[in-house]
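The structure appears right after this line, and notes come after that.
Keep in mind the model is a prediction, meaning the values are calculated, not measured. FYI, side chains are in, hydrogens and waters are out, and symmetry mates aren't considered; it's all heavy atoms of this structure.
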Amino acid sequence: MKKKVLAAMLSMAMAATLLVGCGAKEEAPAASDAPAAETPAAEEEAPAAEEAPAAEANGKKVGVAMPTQSSERWINDGANMKSKLEALGYEVDLQYAEDDVQAQVSQIENMIAAGVNCLVIASIDSSALVNVEKQAKDAGIPVIAYDRLLMDTDAVSYYATFDNKGVGTAIGKYIVDNAGLDPANPQTIELFMGSPDDNNAHMLYAGLMEEIQPYLDNGALVCKSGQLDFESNNTLRWDQQTAMKRCEDLLTRYYADEELDICATAYDGLAYGCMAALEGAGYTTDNWPLITGQDAELMATKHIISGKQTMSIYKDTRLLADKCVTMVQAVLEGAEPEINDTEQYNNNVIVVPSYLCTPVAVDKNNYKEVIVDGGYYTEEQLAE
């Protein structure tokens, strides 16, 4: 009798295993809750990783290396990715290096030593990670670059990011469409670009310059400092204080007798720095410049509502986390992840297969539709 019971139990276990295995092959519906009107068609088809069966994880571990907790977006990115990976059944080692390059190297080395099965890296300075990335490759650990491209290595398997040149293009188009540019009435502009060790910053700058260069050429835009090349207008580590000090210097040296009309900043944190410098220089609502940004942080969105910041680039990091998680899942299951770019992202060694999410420009006119209706922030959060 015991043998018959045991045989029946084994048969039931095998049937359950077959059902799980078949179910895992089915694609789940899109996980992103971003508004459909703002989500590109290709992104709507992405499977929702958290709905896949946790049994597929098989005890695998994912290391997630993030740059800093000083920016709201990185906190959100890390939390979103960790929760989605854990919902799949993966163990997650999430580490923040607080913009300390050597700390990030050590964190990744420790992840490799701990036997992670996949690495997701949002780098501080990718040039410093070449050796540790080689260690990962030698150990057979796939590496996925998150938001920031990993340069000068063949160890990176895939890249999940937003269309970084598209971010610069969107900022430039906003300036062109909203600043009333006319050679007969020139507008002054200064650029506050991102960190030179971040490939995204270079691509953003290229997209921005393509849009505004014709207006610099015809005199509708004037940069009194002449600091139009990336080497002179970049901001190491995207640092707010650095941007503030540079803006203070520019206002003192070049705008004592003429007002600055446009602060083209590449990130909300840089915009905050410029705002502080402008307030210190006596600017008011009567002569407040057009100020751009990127990330649509909560504080930046509040500034947009109040008029202190003119616009920002909304990047739904929930969607980016979803895309990266599905990449991780595909890699660990031996499948090919969804890719929509195989040309733009040459890291000086290889062209990295990438998935690019679409950025959206937001200002006072559309923030409710894009950000509030999309569930990114609530009206209560914005009113606090």
Side-chain angles (χ1 to χ4, degrees), residues 62-85 92-112 116 119-130 132-133 143-151 156 159-162 164 167 192-204 234-246 265-276 293-301 303 312-321 324-325 357 359 376-377:
V62 181
V64 180
M66 288 281 157
T68 180
Q69 295 182 92
S70 65
S71 171
E72 174 189 313
R73 69 79 41 103
W74 293 118
I75 297 172
N76 293 340
D77 283 48
N80 285 338
M81 202 178 313
K82 187 174 189 291
S83 66
K84 292 175 186 297
L85 287 167
V92 180
D93 182 4
L94 171 63
Q95 298 287 332
Y96 288 87
E98 305 310 335
D99 279 334
D100 183 327
V101 175
Q102 189 51 52
Q104 187 167 60
V105 171
S106 298
Q107 287 172 351
I108 297 170
E109 286 176 338
N110 291 337
M111 291 174 184
I112 294 171
V116 296
L119 279 167
V120 176
I121 301 175
S123 66
I124 299 167
D125 179 356
S126 68
S127 64
L129 301 180
V130 174
V132 74
E133 288 159 0
V143 176
I144 296 173
Y146 185 82
D147 194 67
R148 296 174 174 178
L149 184 60
L150 296 170
M151 303 298 291
V156 57
Y159 181 32
T161 189
F162 286 88
N164 296 297
V167 171
F192 299 83
M193 296 292 99
S195 189
D197 54 13
D198 184 349
N199 185 65
N200 291 355
H202 295 269
M203 298 194 75
L204 185 155
N234 69 73
T235 314
L236 185 63
R237 304 282 185 267
W238 304 82
D239 183 66
Q240 177 176 329
Q241 293 298 313
T242 301
M244 182 186 72
K245 291 175 182 176
R246 178 167 169 261
T265 87
Y267 159 56
D268 291 338
L270 305 184
Y272 306 155
C274 289
M275 290 176 205
Q294 176 187 190
D295 283 348
E297 293 184 346
L298 181 60
M299 181 59 69
T301 307
H303 285 325
S312 187
I313 299 296
Y314 169 69
K315 303 191 306 186
D316 191 341
T317 57
R318 299 166 300 179
L319 176 61
L320 185 59
C324 190
V325 167
C357 299
Y376 203 68
Y377 303 130

Quiz item: Quick one: does Q104's side chain have a donor or acceptor within less than 3.5 Å of a partner on I124's backbone?
Solution: yes

Quiz item: Would you call D268 and R73 a salt bridge, using N to O less than 4.0 angstrom?
Solution: no

Quiz item: Would you say the side chain of L149 lies within less than 4.5 Å of the side chain of T161, judging by non-hydrogen atoms?
Solution: no

Exercise. Give the minimum heavy-atom separation between P359 and K315, together with the two atoms involved.
Key: CB-CG, 4.4 Å

Practice problem: Locate the shortest heavy-atom distance separating F192 from A243; write the atom from each residue and the value. | Solution: CE2-O, 4.0 Å

Quiz item: side-chain hydrogen bond (donor to acceptor under 3.5 Å, both in side chains) with N234: which residues, sequence neighbours excluded?
Solution: none

Quiz item: Of the non-hydrogen atoms in A296 and S312, which two are nearest, and what is the gap between them?
Solution: N-OG, 2.9 Å

Self-check item: Minimal non-hydrogen separation, T301 against Y377, with atom names
Solution: OG1-CE1, 3.6 Å

Quiz prompt | Summary of salt bridge (charged side-chain N to carboxylate O under 4.0 Å, His left out) pairs that have at least one residue in residues 121-130, sequence neighbours excluded | solution = none

Self-check item: Q294 side chain to I313 backbone, donor-acceptor under 3.5 Å
Solution: no

Quiz item: Got M299 and E72 here, is their nearest side-chain heavy-atom distance under 4.5 Å?
Solution: no

Quiz item: Hey, is the main chain of M193 close enough, under 3.5 Å, to the side chain of T235 for a donor-acceptor pair?
Solution: yes

Self-check item: Shortest non-hydrogen separation from A128 to V105 and the atoms involved
Solution: O-CG2, 3.6 Å

Self-check item: Closest non-hydrogen atom pair between S71 and Y267, with its separation
Solution: OG-OH, 3.4 Å

Exercise. Tell me, with the steps shown, if T317 and Y376 meet side-chain hydrogen bond (donor to acceptor under 3.5 Å, both in side chains).
Key: CA-CA 9 Å; T317 57; Y376 203 68; 3.2 Å; yes

Practice problem: Without swapping roles, check the side chain of T68 against the backbone of E98 for a donor-acceptor pair under 3.5 Å. | Solution: no

Quiz item: How long is the gap from CG on L270 to OG on S195, to the nearest 0.5 Å?
Solution: 9.5 Å

Exercise. Mind checking the CZ-CG spacing from R148 to N199? Nearest 0.5 Å is all I need.
Key: 11.0 Å

Quiz item: Mind checking whether L150 and Y159 have side chains closer than 4.5 Å, heavy atoms only?
Solution: no

Practice problem: Please name the residue in the list E297, Q241, H303 that meets the side-chain hydrogen bond (donor to acceptor under 3.5 Å, both in side chains) test with Y272. | Solution: E297

